[in-house]
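Keep in mind that this is a model prediction, so the values were computed, not measured.
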Amino acid sequence: MQNIPARKTGIFIWFGYRLPLSERVRLIREAGFETVLHWWDDSFLEEEGYTKEEQTELIRREGLTIENAHLRFDHINDLWYDTLAGQSVLEGYLSDIDGLAAQEIPVAVLHPTRGFEAPPLSFVGMSRIHRLVEHSEKRGGKNCNGKRKVKYCSYHDTGFCGIPHAGTVL
């Protein structure tokens, strides 16, 4: 009989109900979850009353592990265009990766596009994704398999084939 390691159960920290963060964390823990997917952005600061770093502290203080964090993606399509907006998006993600590393959150989730029609593949976009992956690896990020090389493609199952380590989760 194969010895299969026990997996921890997790849930997204914002599971669909507008409840105070401390109550959500308590309910998640009481429901038997051990890990959470954290939202890594301060867009809910006014509503929540906590920065993303303070949320991290509260989650951990309540005994939950943060398995990964989801990065914002409202302007992700700009990453694919050779514009100042695209450069600004890149710099924001580089800063997010640094923040995750400082909080010892090993994996970031980042959608390469938003919407039903993805921007066209571009050299600048691929270069920026490559830079994010390299920066993440230098900061201790893991890829989907917990290894340094990944053997699959992602951008709608075709686009990242030409970039080494492109399956790395930021």
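If you chain together hydrophobic residues whose side chains sit under 4.5 Å apart, Phe33 and Tyr17 fall into the same group. Hydrophobic clustering of Ile, Leu, Val, Met, Phe, Trp and Tyr side chains at less than 4.5 Å, counting indirect connections, keeps Val89 apart from Phe123. Each of Val124 and Met126 belongs to its own hydrophobic cluster when Ile, Leu, Val, Met, Phe, Trp and Tyr are linked at side-chain heavy-atom distances under 4.5 angstrom.
With salt bridges taken as basic N to acidic carboxylate O contacts below 4.0 Å, one links Arg18 and Glu47. Looking at Asp98 and Arg139, a side-chain N of the basic residue comes within less than 4.0 Å of a carboxylate O on the acidic one, giving a salt bridge. Residues Arg24 and Glu48 are paired through a salt bridge, judged by an N-O separation under 4.0 Å between the basic side chain and the carboxylate.
Atom NE2 of His111 is surrounded by more than 12 heavy atoms from other residues, nucleotides or ligands within 6.0 Å. In Glu104, the CD atom is not crowded: 12 or fewer heavy atoms of neighbouring residues, nucleotides or ligands sit closer than 6.0 Å. Heavy atoms of other residues, nucleotides or ligands lying less than 6.0 angstrom from CD of Glu46 number 12 at most. Counted within 6.0 Å of CD on Glu67, heavy atoms from surrounding residues, nucleotides or ligands total 12 or fewer; the atom is thus considered open.
The NE2 atom of His38 lies 4.5 Å from the CD1 atom of Ile59; values are rounded to the nearest 0.5 Å. Atom CG of Leu71 is separated from atom CG of Leu132 by 9.0 Å, given to the nearest 0.5 angstrom. Arg72 contributes atom CZ, which lies 9.0 Å from atom CH2 of Trp39 (distance to the nearest 0.5 angstrom). The CD1 atom of Ile13 sits 10.0 Å away from atom OG1 of Thr35, with the distance rounded to the nearest 0.5 Å.
Closest of all the heavy-atom pairs between Gly86 and Thr83 is N-OG1, 3.0 Å. Heavy atoms only, all atoms of each residue included: Ala118 and Thr113 are closest at CB-CG2, 3.7 Å. The minimum heavy-atom distance between Ser122 and Gly125, with the atom names listed, is OG-N, 3.0 Å.
Using a 4.5 Å heavy-atom threshold, the side chains of Leu110 and Asp96 count as separate. Here the side chains of Leu58 and Ser22 are in contact, with some heavy-atom distance below 4.5 Å. Side-chain contact check for Glu53 versus Trp40: some heavy-atom pair is nearer than 4.5 Å. Using a 4.5 Å heavy-atom cutoff, the side chains of Leu94 and Arg131 are in contact. Proximity of Trp80 to Ile129: side-chain heavy atoms (C-beta onward) are separated by under 4.5 Å at one or more points.
Screening Leu21, Val36, Leu45 against Gln55 for a side-chain contact (heavy atoms from CB on, under 4.5 Å) leaves a single residue, Leu21. The side-chain contact (heavy atoms from CB on, under 4.5 Å) test with Val107 singles out one residue from Asn68, Leu100, Ile66, Leu37, and that residue is Asn68.
Between Phe73 and His70, the ring planes lie tilted relative to each other; the angle falls in the 30° to 60° range.
Using a distance-only test at 3.5 Å, with no hydrogens or angles considered, no donor-acceptor pair links the side chain of His135 to the main chain of Tyr93. Side-chain atoms of Asn77 come within 3.5 Å of backbone atoms of Arg114 as a donor-acceptor pair (strictly under, hydrogens ignored). The backbone N or O of Tyr81 lies less than 3.5 Å from a partner atom in the side chain of Arg128, making a donor-acceptor pair.
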